[in-house]
Amino acid sequence: MTVTDLRLWTVDEYRRMTETGILNPDERVELIDGQIISMSAKNPPHAATNLCAADYLRSLLAGLALIRIQDPIALSYNSEPEPDIAVVQIDPRLYQDFHPAPDNIFLLIEIADTTLETDRRRKAPAYAKAGITDYWILDVNTRQVYVFREPGETNYRQETVFNEDDVLSMLAFPEIEVQISQLFP
C-alpha cells in the first residue's frame, strides 16, 4: 500500500485556480479545511426548501440581517464554503469587498435531501472550529431541523433535533420565533 501526503489548499490558491481556469467558475465546488469538495446537485426538494426558508427568514429579519443564498463565506485561511443560507450582519456595501467572516455571521443553514451525513460530519466540524455559534440543517426528507450550538475546537457540543410543529429562535435574535413548518414548502 502506498501512502501519499494530502495537499491542502488555501483560499488564495483556491481563488487563483478559478482565475487561471484550473477550476471552471461554473464548477460546483467549495473549499473546506483545505480540501476542494464537490457540491451535490440541487434536487427540486432542496431548491424549493432553500427558496422557502430564505424568503421566510427575509420576512422575519427585515432590517435586522441580510440573507445570503449559496454565496461564499470566509471561515479561515483554508475554508471558503458556500452554505445554502447565511444570515449575516447588514453591510451597506453588501459585502462587495469581502465575504462574511465568522464575526459577521448570525446563522448558517444547510439544506439536506441527500447530504445529511455530510452536513453533520464534514460541515458541522468546520463551522464549529470557525466559531459559528448557530448552525442548522433542514432535512427535507423528515421535515426536521438539526440545530448545532456551543462550538468547540473539533465540533459542536450541542445538537438538538426539532420537528415540523416546533418553534425555535436564533441565538442572535431570541425574541423572534421561527415556525419550523414555515421553513419548508
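Quick caveat, the model's predicted, so the values are computed rather than measured. Residues: numbered from 1 along the sequence shown.
Residues F148 and Y127 keep their aromatic ring centres 6.0 Å or farther apart.
At a threshold of 4.0 Å, the pair R93-D97 counts as salt-bridged, since one of the basic side-chain nitrogens sits closer than that to a carboxylate oxygen. Salt bridge annotation for R149-E159: absent, with no cationic side-chain nitrogen under 4.0 angstrom from a carboxylate oxygen. With respect to the salt-bridge test (charged N to carboxylate O, under 4.0 angstrom), the residues E150 and R157 do not qualify. Salt bridge R7/E13: present, at least one basic N to carboxylate O contact under 4.0 Å. Of the charged side-chain nitrogens involved, none lies within less than 4.0 Å of a carboxylate oxygen, so that E153 and K129 do not count as a salt-bridged pair.
Crowding of E117 atom CD: a count of heavy atoms from other residues, nucleotides or ligands under 6.0 Å exceeding 12. Atom CG of D103 sits in a sparse spot, with 12 or fewer heavy atoms from other residues, nucleotides or ligands closer than 6.0 Å. Within a 6.0 Å radius of CD in E177, other residues, nucleotides and ligands contribute 12 heavy atoms or fewer.
Side chain of S79 to main chain of D33: a donor-acceptor pair is present (N/O by atom type, distance under 3.5 Å, no hydrogens or angles). In this structure a side-chain-to-backbone donor-acceptor pair under 3.5 Å is present from Y156 to I132.
Ring planes of Y95 and F98: perpendicular class, angle over 60° (limits at 30 and 60°).
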